[in-house]
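Everything below concerns the one structure shown next.
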Amino acid sequence: MEYGVPQGSVLGPLLFSLYNNDFPMLINKISDVIMFADDTSILITSDSRDGLLQRFNHILNRMSNWFHANRLILNPTNTEVLKLLQLYYLMH
């Protein structure tokens, strides 16, 4: 059985928005979610490397469950992880 909305349809954008409307609430308290059209960015911050990895894994687990429940597949070739480090220098 196939699922989805035909690309280019008039109702496609509305149906897509309704379909994934609950996704940000899934991880809203753990990170910031930015969605535009069919692109999603998830911003994760932490004061430590271990905290960052813990949040990252927790979010991946929640996303995996959400994708499975909604019969979606994450395309790894269109997925990127960008790690930015901010260093603080204390001057005395």
Side-chain angles (χ1 to χ4, degrees):
M1 177 179 262
E2 291 186 24
Y3 300 93
V5 176
Q7 284 190 318
S9 67
V10 174
L11 288 176
L14 174 63
L15 293 174
F16 179 80
S17 295
L18 292 173
Y19 192 73
N20 70 357
N21 189 42
D22 64 335
F23 181 78
M25 293 181 281
L26 178 75
I27 54 178
N28 196 1
K29 295 179 181 178
I30 305 166
S31 66
D32 294 320
V33 179
I34 301 169
M35 297 178 75
F36 180 77
D38 63 347
D39 289 327
T40 302
S41 295
I42 301 170
L43 309 174
I44 307 168
T45 59
S46 181
D47 293 334
S48 69
R49 182 179 182 273
D50 290 338
L52 188 63
L53 288 174
Q54 183 179 8
R55 285 183 179 190
F56 183 74
N57 287 326
H58 185 68
I59 288 169
L60 284 179
N61 188 24
R62 285 182 162 218
M63 285 175 50
S64 176
N65 292 337
W66 186 87
F67 274 74
H68 181 72
N70 287 284
R71 300 179 179 180
L72 295 172
I73 299 171
L74 182 65
N75 185 346
T77 59
N78 291 340
T79 304
E80 295 183 29
V81 174
L82 176 64
K83 182 173 65 170
L84 302 173
L85 299 175
Q86 184 174 4
L87 301 175
Y88 292 93
Y89 293 98
L90 299 176
M91 298 178 68
H92 299 299

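Just so you know, residue 1 is the first one in the sequence shown, and it goes up from there. Scope of the values below: all heavy atoms of this structure, side chains included, with no hydrogens, waters or symmetry mates.
Annotation: ring-ring contact (aromatic ring centres under 6.0 Å, His included) contacts involving residues 21-79, sequence neighbours excluded, comprise F23-W66. The side chain to side chain donor-acceptor pair (under 3.5 Å) contacts involving residues 24-36 comprise nothing, where partners must be two or more places apart or lie in separate chains.
For N21, there are no side-chain hydrogen bond (donor to acceptor under 3.5 Å, both in side chains) partners, not counting sequence neighbours. By the side-chain hydrogen bond (donor to acceptor under 3.5 Å, both in side chains) test, N75 is found to be paired with T77, residues two or more places apart in sequence or in another chain being considered. In this structure, the side chain to side chain contact (heavy atoms under 4.5 Å, CB included) partners of P24, at least two apart in sequence or on a different chain, are V33, M35.
Summarising the geometry, atom CG belonging to L60 is positioned 10.5 Å from atom CG belonging to L53; distances are rounded to the nearest 0.5 Å. In this structure, CG in N20 is found 8.0 Å from CG in D22, a value given to the nearest 0.5 Å. In this structure, I44 CD1 and L52 CG are separated by 6.5 Å, a value rounded to the nearest 0.5 Å.
Under a cut-off of 6.0 angstrom, the local environment of CG in N57 is crowded, with over 12 non-hydrogen atoms contributed by other residues, nucleotides or ligands. For L18, the CG atom counts as densely surrounded, since its 6.0 Å shell holds more than 12 non-hydrogen atoms of other residues, nucleotides or ligands.
Minimum heavy-atom separation, G12 to S9: N-OG, 3.0 Å.
In this structure, I42 is a member of the same hydrophobic cluster as L26, with clusters built from ILVMFWY side-chain heavy atoms closer than 4.5 Å. Under the 4.5 Å side-chain heavy-atom criterion for grouping Ile, Leu, Val, Met, Phe, Trp and Tyr, V81 is connected to L74 within one hydrophobic cluster.
Taking Ile, Leu, Val, Met, Phe, Trp and Tyr as members and joining any whose side-chain heavy atoms lie under 4.5 Å apart, directly or through other members, the hydrophobic cluster of I34 also contains L43.
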